[in-house]
Colleague: 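A single structure is presented below for examination.
The residues of the chain are indexed from 1 along the displayed sequence.
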Amino acid sequence: MASSTGGESLLVRPASAQDAAGVATLLGVLGYPCDRAEAAARLRALEEEPDQQILVADRHGCLVGLLALDLMFYLPLGARTCRITALVVSDSEQRRGVGRLLLREAELRARQAGAARIELTSATHRHEAHEFYRACGFGESALRFLKRLGDA
């Protein structure tokens with residue numbers, strides 16, 4: 001999916017192994033630092049998972065955004081749902097439409113997969129992100145609880 005944001009061409013496409021360095025940088029921006037090798041391993045781990053997709057926003061060969069989504073059957077709803085597990089835009093590209101473009105592509109893919117809804121979680125301290133999600137049509141619906149089972 002190609003678009004124009006900020007007056008320059010922007011391409012949203014599936015991530016590839018060659019994107020490992022850019023993915024590592026973007027995960028660091030999101031607060032989950034890793035190096036290129038670890039990002040490459042994460043991308044390889046998802047290659048065999050057809051219901052998980054990593055989309056990147058590419059501006060002239062430079063990754064400026066990333067979105068990860070997971071399609072699954074949700075027992076309580078009795079239907080497929082789509083969960084966005086990561087969304088990040090580089091600092092220099094924020095407020096230029098990159099996040100909205102990634103969310104639109106995720107919604108399109110979720111609809112094509114037959115998902116009844118799309119959801120995401122966001123850390124409580126990310127107030128600007130919460131406002132962005134509300135502006136994109138997302139509403140608060142649940143309180144999330146977390147129990148760590150290791151270092152992750």
Colleague: When hydrophobic residues are tied together by side-chain contacts of less than 4.5 Å, even through go-betweens, does Val89 share a cluster with Leu69?
Modeller: yes

Colleague: How long is the span from the CD atom in Glu128 to the OG atom in Ser122, to the nearest 0.5 Å?
Modeller: 11.0 Å

Colleague: Do Arg59 and Val98 come close enough that some side-chain heavy atom pair is under 4.5 Å?
Modeller: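 Heavy-atom side-chain distance check passes, below 4.5 Å.
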
Colleague: Is there a side-chain contact between Arg109 and Leu67 in this structure, where contact means two heavy atoms from C-beta onward sitting under 4.5 Å apart?
Modeller: no

Colleague: In terms of hydrophobic clustering (I, L, V, M, F, W, Y; side-chain heavy atoms under 4.5 Å; direct or indirect links), are Ile84 and Leu27 co-clustered?
Modeller: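 No: no chain of side-chain contacts under 4.5 Å links Ile84 to Leu27.
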
Colleague: On a heavy-atom basis, which atom in Leu102 and which in Val88 lie closest, and how many Å separate them?
Modeller: CD1-O, 4.4 Å

Colleague: Side-chain heavy atoms under 4.5 angstrom apart, residues restricted to Ile, Leu, Val, Met, Phe, Trp, Tyr: same cluster for Tyr32 and Val23?
Modeller: yes

Colleague: Where do Thr81 and Arg117 come nearest, in terms of heavy atoms and distance?
Modeller: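 That would be OG1-CG, 3.1 Å.
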
Colleague: Rounded to the nearest 0.5 Å, how far does CZ of Arg96 lie from OG of Ser90?
Modeller: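 If I round to the nearest 0.5 Å, the distance is 8.5 Å.
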
Colleague: Any side-chain heavy atom of Arg134 sitting closer than 4.5 Å to one from His130?
Modeller: yes

Colleague: Give me the atom names and distance for the closest heavy-atom approach of Gly114 to Arg80.
Modeller: O-CB, 4.1 Å

Colleague: Table please: side-chain donor-acceptor pairs of residues 37-46 below 3.5 Å, with sequence neighbours left out.
Modeller:
unit_1: Glu38; atom_1: OE2; unit_2: Arg42; atom_2: NH2; d: 2.7

Colleague: Taking the side chain as everything from C-beta on, heavy atoms only, tell me whether Val29 gets closer than 4.5 Å to Leu66.
Modeller: no

Colleague: If you take all heavy atoms of Ala57 and Leu10, which pair is closest and at what distance?
Modeller: CB-CD1, 4.0 Å

Colleague: Would you indicate whether Arg111, at its atom CZ, is surrounded by more than 12 heavy atoms from other residues, nucleotides or ligands within a distance under 6.0 Å?
Modeller: no

Colleague: With a sphere of 6.0 Å drawn around CZ of Phe73, does it hold more than 12 non-hydrogen atoms of other residues, nucleotides or ligands?
Modeller: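 Enclosed: over 12 neighbouring heavy atoms sit under 6.0 Å from CZ of Phe73.
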
Colleague: Are Phe132 and Leu87 close enough that some pair of their side-chain heavy atoms sits under 4.5 Å apart?
Modeller: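 Touching, per the 4.5 Å side-chain cut-off.
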
Colleague: Quick one: does Gln53's side chain get under 4.5 Å of Pro14's, heavy atoms only?
Modeller: no

Colleague: Please give the remaining members of the hydrophobic cluster of Phe145, linking ILVMFWY side chains under 4.5 Å, ordered by chain and number.
Modeller: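 Members alongside Phe145: Leu143.
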
Colleague: I would like to know whether Leu103 and Ile118 meet side-chain contact (heavy atoms from CB on, under 4.5 Å); could you show each step before the answer?
Modeller: CA-CA 10 Å; Leu103 283 176; Ile118 191 166; 5.8 Å; no

Colleague: To check you understand the geometry: which heavy-atom pair defines the closest contact between Ala86 and Leu30, and what is its length?
Modeller: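 Scanning both residues, the minimum pair turns out to be CB-CD2, 4.0 Å.
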
Colleague: For residues Leu26 and Val56: do they belong to one hydrophobic cluster (side chain heavy atoms under 4.5 Å, members Ile, Leu, Val, Met, Phe, Trp, Tyr)?
Modeller: yes

Colleague: Do the side chains of Leu63 and Thr25 get nearer than 4.5 Å, heavy atoms only?
Modeller: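 They are not in side-chain contact.
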
Colleague: Please give me the minimum heavy-atom distance between Ile54 and Ala68, naming the atom from each residue.
Modeller: CD1-CB, 3.4 Å

